[in-house]
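Here the structure comes first, spelled out in structure tokens, and everything after it is commentary.
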Amino acid sequence: MSTASVGELVSQPYKYGFVTDIETEKIAKGLSEDVVRLISAKKEEPAFLLDFRLRAYRQWLQMDEPDWAGLGYPAIDYQNIIYYAAPKQQDKKASLDEVDPKLLETFDKLGIPLSEQKRLSNVAVDAVFDSVSIATTYKEKLAEHGVIFCSISEAVKEHPELIEKYLGTVVPCNDNYFAALNSAVFSDGSFVFIPRGVECPMELSTYFRINSGDTGQFERTLIVAEERASVSYLEGCTAPMFDTNQLHAAVVELVALDDASIKYSTVQNWYAGDENGVGGIYNFVTKRGQCRGDRSRISWTQVETGSAITWKYPSCVLQGADSVGEFYSVALTNNRQQADTGTKMIHVGPRTRSTIVSKGISAGHSSNSYRGLVQIGPKAVGARNFSQCDSMLIGDQAAANTYPYIRSQQSDADIEHEASTCRISEDQLFYLQSRGIGFEQAVSMMVSGFCRDVFHQLPMEFAAEADKLLALKLEGSVG
Amino acid sequence: MIRPDAPVLLEIRDLHASVADQPILHGVNLTLRAGEIHAVMGRNGSGKSTLSKVLAGHPAYTVTGGSVRYRGEDLLALDPEQRARIGLFLGFQYPVEIPGVSNLEFLRVATNARRQEGGEEELDTFAFEDLVNEKLQVVQMDPAFLERSVNEGFSGGEKKRNEILQMALLEPVVAILDETDSGLDIDALRIVSGGVNHLAGPDNATLLITHYQRLLDAITPDYVHVMAHGRILRTGGKELALELEQRGYDWVDAEPAVLEAV
Ligand SMILES: Nc1ncnc2c1ncn2[C@@H]1O[C@H](COP(=O)(O)OP(=O)(O)O)[C@@H](O)[C@H]1O
Ligand SMILES: [Mg+2]
């Protein structure tokens, strides 16, 4: 086959698109106060949590779906979604031997082996299937260090005081439309607690798998690092291919106390829909970290490759003096995908610093926007921000936009913003090809070069994976 | 070195090509045998770069007639990367910059692609570093250039040296050098021509596209061709270049064309 012109698009089949045939327990479609109560009851939650959910639900009813991101999609019918689905095997088993082999097989197929012999060494995994966490590896080993890593449902039962103390303190239940919805109906997710002075001895990771076609996914993740504690956490996500859209509205809250550090990495590969934009996940996610303590540090790294729609702005509230927020992002869109993603760096405390590095790659007929806010409050004396937003266009049908917002109440704030746009040119590809480098490899070399600054931030085990993932996503996208 | 019995490496027959629906090549004929050095001269816009890009397989250029055989094989049926792997090399007139792609990594991937095709084993980073350091001598290039992105921020002369470095690593069977000499100062010209002479041998052939006699003082061609209006209008020995130097190109158009291929 000879090389056609840049811009012709043939998407690589999505290799995680299979459906696991497993019996699930689902509640009826639709959302009401009764449904919220039912979810809470199924999970045998304490009163404070039911109360939290109901407050969120009532607020949500008063709110409007946001439209400022300019994303185009048909209206979501919230009454046509199932808000709770779980594999029939209800409670979490003490040992993996009791977990349905079909589930283990599913995660094996996804490259996340959970069984004792095959586990990733030095990475503890919480596996969430549809709405429910089915297994968490290395729990005992972590417990020796005082680290709590479990599903949030389990944490509600075993550490209710921690949940009550921290849940909703970073993302209040009425924060935004999708966060309110999540707060009302969230099903499961991960909970991490690193006690004072502990450096978490291994990478923690949650792997989210959507399986059902008509079920919404509403996970809730909460990570707390006490004084001088540190942790690196990675989430991965995939979903089967359906020709309908699934709603995913997650909330992630991070809390870092004095001198604590949290590194949160995401490799998002939800099903993106086909080349005509049929199907795919609607990803409306609220992620926020609060650097509550002095000299604390929160770092977000994301590699966003999937979803039909991505609406996501992992943010940092830099409250403690000298605290540091970072956001490193690669967002790749192909075919008809739409992404509106970026960050908010809210400088509250003195001498707070933030860094934003965003790399957007748009191919096909996709649209990819960076939207970011840098806000410097009246007490943030000596605050500094550096932002760099680069876009790469592949072909001539894709769109890239950058919307940087800066609000400063400090005259001496040091804010630097750089932006660039480049296009992979036919001549560059030809140059590489004329040296014996295949077309796809040529594209992937250029794309990895473009993303290098961000990939360097990923935990080592996953950097190579991310590289491969991008190559795979772009396979046939130029050609 | 002309040896009438040497194997034919490249045989271009009545090649027609267009770009953006505009016909540029109107029947090029040219035969390169092993051991030969050919020079193609001609005014700006006569189609020299077009010929070189068509041979290398640039997707913007469409072949509308004729044939090209490379060691007997139909060259035009191959992807550009495959042409490179089997030993065709084009030194670009304007090498592009590729930000973010490390020069060293690029050279290694390219070298391994060529080696693999020849059934040789891939070089790991260490073995490759040894090889590249040896080849750097040929072009007298600072190893610091390996650490940078491909051609990014290189001066004109540095880009050309990087081209010759690639040629040294890829050890082509047929090398086409498109105005590798233009924009070079005397020292750079000496290095580049030294490199080309070093790499030319009895088993390969070189096609030099140039405007200037000064390159041909350093590299002695076996044949000189003059291109005009997308055709080779005249062919001679190295003295033809001297004649062009003295008389310019006008007389080529004026005198009856010599269209037979060599
Ligand atoms: N990509 C292109 N698009 C349009 N015209 C081109 C392109 N490349 C070459 N040409 C035209 O083809 C003719 C020959 O150009 P070229 O092969 O570069 O000549 P030379 O290398 O001999 O100076 C010129 O008229 C030039 O404008
Ligand atoms: Mg030219």
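Below, chain A is the first sequence line, B the second, and so on; all start at residue 1.
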**Message:** Out of A:Met446, A:Gln428, A:Gln441, return the one with the most heavy atom pairs under 4.5 angstrom to chain B.
**Reply:** A:Gln428
**Message:** Which atoms of B:Glu97 are under 4.5 Å from chain A, going by heavy atoms: the side chain, the backbone, both sets, or neither?
**Reply:** backbone
**Item:** Heavy atoms from other residues, nucleotides or ligands near NZ of B:Lys159 exceed 12 (cutoff 6.0 Å)
**Value:** yes
**Complete:** If one checks every heavy atom of B:Asn112 against chain A at 4.5 Å, the contacting part turns out to be neither
**Request:** Report yes if some heavy atom in the side chain of B:Asp79 is under 4.5 Å from a heavy atom in the side chain of A:Phe439; otherwise report no.
**Result:** no
**Message:** Please find the pair of heavy atoms, one from B:Ala84 and one from A:Arg435, that lie closest to each other, and give the distance.
**Reply:** CB-C, 3.8 Å
**Fill in**
Closest non-hydrogen contact found for B:Gly100 with A:Arg452 is O-NH1, 2.9 Å
**Prompt:** Considering only heavy atoms from C-beta outward, does the side chain of A:Asp427 approach that of B:Tyr94 to under 4.5 Å?
**Reply:** no
**Request:** State whether the number of non-hydrogen atoms from other residues, nucleotides or ligands found under 6.0 Å of B:Arg69 atom CZ is greater than 12.
**Result:** yes
**Message:** With a 4.5 angstrom heavy-atom cut-off, is it the side chain or the backbone of B:Pro172 that approaches chain A, or both, or neither?
**Reply:** neither
**Message:** Under a 3.5 Å distance rule, please check whether B:Arg114 uses its side chain to pair with a backbone N or O of A:Gly436 as donor and acceptor.
**Reply:** no
**Request:** Could you pull out the closest heavy-atom pair between B:Val109 and A:Met445, with the gap in Å?
**Result:** CG2-CE, 4.3 Å
**Pairwise distance CZ(A:Phe450) to CD1(B:Ile98) - rounded to 0.5 angstrom** = 15.0 Å
**Message:** Using heavy-atom distances under 4.5 Å, tell me whether B:Leu170 contacts chain A through its side chain, its backbone, both, or neither.
**Reply:** side chain
**Request:** Write down the atom of B:Arg85, the atom of A:Gly438, and the distance for their closest heavy-atom approach.
**Result:** NH2-N, 3.5 Å
**For chain A, which residues of residues 121-134 of chain B have heavy atoms nearer than 4.5 angstrom** = none
**Request:** Return the orientation label for the A:Phe430 and B:His58 ring planes: parallel under 30°, perpendicular over 60°, tilted otherwise.
**Result:** tilted
